[in-house]
Amino acid sequence: DTAVSQTPKYLVTQMGNDKSIKCEQNLGHDTMYWYKQDSKKFLKIMFSYNNKELIINETVPNRFSPKSPDKAHLNLHINSLELGDSAVYFCASSQAWAVREAFFGQGTRLTVV
Amino acid sequence: TQLLEQSPQFLSIQEGENLTVYCNSSSVFSSLQWYRQEPGEGPVLLVTVVTGGEVKKLKRLTFQFGDARKDSSLHITAAQPGDTGLYLCAGERSSNYQLIWGAGTKLIIKP
């Protein structure tokens, strides 16, 4: 049973396109996150949601829009993709807002050409 | 500005050797976590240290949190090829529970 699953695992698309990445967790966690990992493996938090509500929105272009239809799902939609958006995007969850131990999905490798 | 510095950035050693990697900051954290990430996978939590000076052991891995809760180390005894991976540390800010991540130490253990 996959605890945090995200799809697709690989995404290759052209500049200017709009794409979505989906994430689901079956751990019953309250808090979910989106991270971006660049080519140097540096993990940067993008968004944090707690009980479907946006808590943290780091300095991320507004082309990135997260949506949480329920506690178990946090999707990421990206408009007008740019070359610099190429990275690995990780979804993660934690039991509660004050519980920092995170469980990560396998990642989505996004390549913009 | 990166708040958590990990060193070395890269380490390649032979199976059976011991090693230590470091995670340093000028900031105080309420807790610190270590993760291991393998190629094509997400990071997996290894341990959380909370108390200054705390030492935790996980088989051949020993984690220590600095007395001032600004730094941490991970020591691996008799490294094995299965220890190969990217080791990431993440410190928790007490003000807003946010995690601050280091850039990782890429460890390769050669058979």
Side-chain angles (χ1 to χ4, degrees), chain A residues 2-11 21 23-25 27 29-50 54-60 74 87-111, chain B residues 1-11 21 23 25 27-51 56 58 63 65 69 72 84-108:
Chain A
T2 304
V4 181
S5 60
Q6 52 183 110
T7 55
K9 189 167 171 64
Y10 299 98
L11 185 52
I21 308 172
C23 179
E24 176 182 5
Q25 54 96 1
L27 297 166
H29 288 174
D30 286 345
T31 308
M32 295 185 74
Y33 314 88
W34 276 109
Y35 281 90
K36 179 180 180 180
Q37 188 172 45
D38 60 26
S39 56
K40 294 184 179 179
K41 304 298 183 186
F42 186 60
L43 265 174
K44 185 173 167 53
I45 185 78
M46 299 174 70
F47 302 101
S48 301
Y49 268 72
N50 190 53
L54 178 65
I55 303 297
I56 291 175
N57 179 356
E58 293 293 330
T59 308
V60 176
L74 180 62
V88 181
Y89 292 84
F90 286 101
C91 176
S93 71
S94 63
Q95 188 175 3
W97 178 245
V99 177
R100 295 292 91 187
E101 286 87 353
F103 292 77
F104 283 80
Q106 283 193 311
T108 296
R109 181 175 291 278
L110 171 65
T111 304
Chain B
T1 303
Q2 201 165 310
L3 297 181
L4 263 179
E5 298 283 344
Q6 289 193 244
S7 60
Q9 290 183 349
F10 179 79
L11 184 59
V21 297
C23 176
S25 176
S27 302
V28 176
F29 296 107
S30 55
S31 71
L32 193 136
Q33 299 163 23
W34 284 92
Y35 292 78
R36 181 170 66 214
Q37 183 179 13
E38 298 186 19
E41 301 291 331
V44 175
L45 179 69
L46 296 174
V47 78
T48 301
V49 285
V50 179
T51 308
K56 280 192 174 177
L58 189 66
F63 304 84
F65 202 12
R69 290 186 287 131
S72 180
T84 292
L86 178 70
Y87 288 81
L88 295 158
C89 65
E92 178 187 346
R93 275 180 175 159
S94 54
S95 56
N96 59 6
Y97 303 113
Q98 266 194 286
L99 278 184
I100 306 299
W101 291 82
T105 292
K106 185 171 181 180
L107 177 63
I108 295 177

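Chain A is the first sequence line, chain B the second, and so forth, proteins listed ahead of strands; every chain is numbered from 1.
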Review point. Do A:Ser5 and A:Glu24 have side-chain atoms, one donor and one acceptor, less than 3.5 Å apart?
Key: no

Practice item. Just jot down the salt bridge (Lys or Arg N to Asp or Glu O under 4.0 Å) partners of A:Lys9, sequence neighbours excluded, or say none. Key: none

**Study point:** Residue part contacting chain A, namely of B:Gln37, when any heavy atom lies under 4.5 Å
**Key:** side chain

Exercise for review: Test side chain to side chain contact (heavy atoms under 4.5 Å, CB included) on A:Val60 and A:Trp34 and set out the steps.
Suggested key: CA-CA 11 Å; A:Val60 176; A:Trp34 276 109; over 6 Å; no

Study note, to complete from the structure: With chain B, the option among A:Lys44, A:Arg109, A:Lys41 that has the most non-hydrogen atom pairs under 4.5 Å is A:Lys41

Can you give each donor-acceptor pair under 3.5 Å made by side-chain atoms of residues 40-50 of chain B, sequence neighbours left out, with the distance rounded to 0.1 Å?
residue : atom : partner  : partner atom : Å
B:Glu41 : OE1  : A:Gln106 : NE2          : 3.1
B:Glu41 : OE2  : A:Gln106 : NE2          : 3.3
B:Thr48 : OG1  : A:Glu101 : OE2          : 2.9

Revision key, fill the gap. Contact list (residues 88-97 of chain A to chain B, heavy-atom gap under 4.5 Å, by number) returns A:Phe90, A:Trp97

Review point. Which atoms of A:Phe103 come close to chain B, meaning under 4.5 Å heavy atom to heavy atom: side chain ones, backbone ones, both, or neither?
Key: neither

Check your understanding: Taking only residues two or more places apart in sequence or in another chain, which ones pass side chain to side chain donor-acceptor pair (under 3.5 Å) with B:Gln33?
Key -> B:Tyr35

Point to revise | Contact origin within A:Ile45 toward chain B - heavy atom pairs under 4.5 Å | key: side chain

Exercise for review: Check each atom of A:Gln37 against the heavy atoms of chain B and say whether the ones under 4.5 Å are side chain, backbone, both or neither.
Suggested key: side chain

**Study point:** Check: B:Gln6 side chain, B:Gly104 main-chain N or O, donor-acceptor pair, under 3.5 Å
**Key:** yes

Practice item. Look at the side chain of A:Ser48 and the backbone N and O of A:Ile55, then say whether any donor-acceptor pair between them is shorter than 3.5 Å. Key: no

Practice item. Assign the ring pair A:Tyr35 / A:Phe104 to parallel, tilted or perpendicular, where the plane angle (0 to 90°) is split at 30° and 60°. Key: tilted

